[in-house]
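Written below as structure tokens is the structure these notes are about.
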Number of protein chains: 2
Amino acid sequence: MKPTDSELEILQVLWQEGPCTVRQINERLAENREVGYTTTLKLMQIMYEKGLLTRLEEARSHVYEANVSEEETQSTLLERFVDTAFRGSASKLVMHALGNHKSTPAELDEIRKLLDQIEQQP
Amino acid sequence: MKPTDSELEILQVLWQEGPCTVRQINERLAENREVGYTTTLKLMQIMYEKGLLTRLEEARSHVYEANVSEEETQSTLLERFVDTAFRGSASKLVMHALGNHKSTPAELDEIRKLLDQIEQQP
DNA sequence: TCTCATCTACGAAATATTTCGTACAAAAAA
DNA sequence: TTTTTTGTACGAAATATTTCGTAGATGAGA
């Protein structure tokens, strides 16, 4: 399941904040760009129909929760992205990403450790 | 300039093959999925108007060429992708990419060298 | 010359995505 | 109780993207 750009924006808020009402999401989105309440509502209803979100209808204002994990979504999107933008070459993508040196030394160390792990497997 | 998915598909062919006619592109695209000739033509005309492609009109069938480099396009797309899918964390993306995809030992070595380079800069 | 195949241009349909207005229910405030 | 606020549902407009049909030009071959 590939979320659209707007859907991903909503998922990001839910992954960071946990369960939210439409109003809460809308307020977070509105920090960055202008967006009407019913726009956000409609999007979340669609996402609910698609199974991207679950919701509790007990209170008058429903509480929504992400029904896909951040990790799994990132993997899905990444796979597609590697294919379409980097012709399937994950290492090329990695080089590019590291090339824009925005990573801290600690992060670089973590990557190095991961490399060690991978190379030590037979 | 962010190319759409279809536009990126066409750019990929041009980056691999060099200058092409619409027919050549269409044949390459048709290897993977069904797509009409005029569909490809129209897309390439739009890309020309946007400045994504240049073209030689000397022959009856125009010869198109990419007007944006693969590298620069990858950087643009990557930056956006890191932000939307990985909240701006390039290192998280790298970890995912290395974890999910199989890279050859040679590629992993290259990455390691790049890490060395980055860390040795003051 | 007279088809026939192939090309461009371009309008418009088809599809996908995003945005919003309106109707109506229910809680909260006056 | 009456009014105001806040919520859902949902149709449909607005926008973006993709697809295709048709018209007309041009060159190749009969």
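The structure displayed is predicted, hence computed values, not measured ones. These numbers come from the heavy atoms of this one structure, side chains and all, not from hydrogens, waters or symmetry mates. Each chain gets a letter, A, B and so on, in the order its sequence line appears, and its residues count up from 1.
- Of the listed nucleotides (dT8(D), dT17(C), dT19(D)), dT19(D) has the atom at the smallest distance from the side chain of Arg33(B).
- In this structure, Tyr37(A) reaches the dT8(D) phosphate: one of its side-chain N or O atoms is under 4.0 Å from OP1 or OP2.
- Residue Leu43(B) contributes atom CG, which lies 16 Å from atom P of dC10(C) at whole-angstrom precision.
- Distance NZ (Lys42(A)) to C1' (dA14(D)): 14 Å, rounded to an integer number of Å.
- Of the residues Arg87(B), Lys92(B), His96(B), the one that meets the side chain to side chain donor-acceptor pair (under 3.5 Å) test with Gln74(A) is His96(B).
- At least one donor-acceptor pair under 3.5 Å links the side chain of Asn67(A) to the backbone N or O of Gly51(A).
- If you take CD of Glu34(B) and P of dT18(D), they are 17 Å apart, rounded to a whole angstrom.
- Linking Ile, Leu, Val, Met, Phe, Trp and Tyr whenever their side-chain heavy atoms come within less than 4.5 Å leaves Leu11(A) and Leu56(A) in two separate clusters.
- Criterion: ILVMFWY side-chain heavy atoms under 4.5 Å apart, direct or through other members. Under it, Met44(B) and Val63(B) are not part of a common hydrophobic cluster.
- Rounding to whole angstrom units, CE of residue Met44(B) and C1' of dC20(D) are separated by 17 Å.
- When the side-chain nitrogen and oxygen atoms of Thr4(A) are compared with OP1 and OP2 of dT18(C), one or more of them lie within a distance under 4.0 Å.
- Looking at the side chain of Ser6(A), the nearest of the listed nucleotides dT19(D), dT18(C), dG7(D) is dT18(C).
- Leu114(A) and Met95(A) fall within a single hydrophobic cluster, where Ile, Leu, Val, Met, Phe, Trp and Tyr are joined by side-chain heavy atoms under 4.5 Å apart, directly or via other members.
- Distance from the side chain of His62(A) is smallest to dT8(D) among dT8(C), dT18(D), dT8(D).
- One atom, NZ of Lys2(A), and another, C1' of dT17(D), lie 12 Å apart when rounded to the nearest Å.
- Of all nucleotides listed (dT8(C), dT18(D), dT8(D)), dT18(D) comes nearest to the side chain of Ile46(B).
- A donor-acceptor contact under 3.5 Å is formed by the side chain of Arg60(A) with the base of dT6(D).
- Between Tyr64(A) atom OH and dG7(D) atom P there is a gap of 12 Å when expressed in whole angstrom units.
- Computed from coordinates, the Tyr48(B) OH to dC10(C) P distance equals 12 Å when rounded to whole Å.
- Look at Arg55(A) and you'll find a side-chain N or O under 4.0 angstrom from OP1 or OP2 of dA9(D).
- Spacing between atom CG of Asn26(A) and atom P of dT19(C) amounts to 11 Å, rounded to whole angstrom units.
- Comparing Glu7(A) and Leu41(A) by the nucleotide of DNA chain C that holds the closest heavy atom to each, the one mapping nearer the 5' end is Glu7(A).
- Phosphate contact (OP1/OP2 of dG21(C), side-chain N/O of Thr38(A), threshold under 4.0 Å): absent.
- Using a 4.0 Å heavy-atom criterion, one finds that Ser61(A) contacts the sugar-phosphate atoms exclusively.
- Checking the phosphate oxygens (OP1, OP2) of dT6(C), no side-chain nitrogen or oxygen of Arg23(B) falls inside 4.0 Å.
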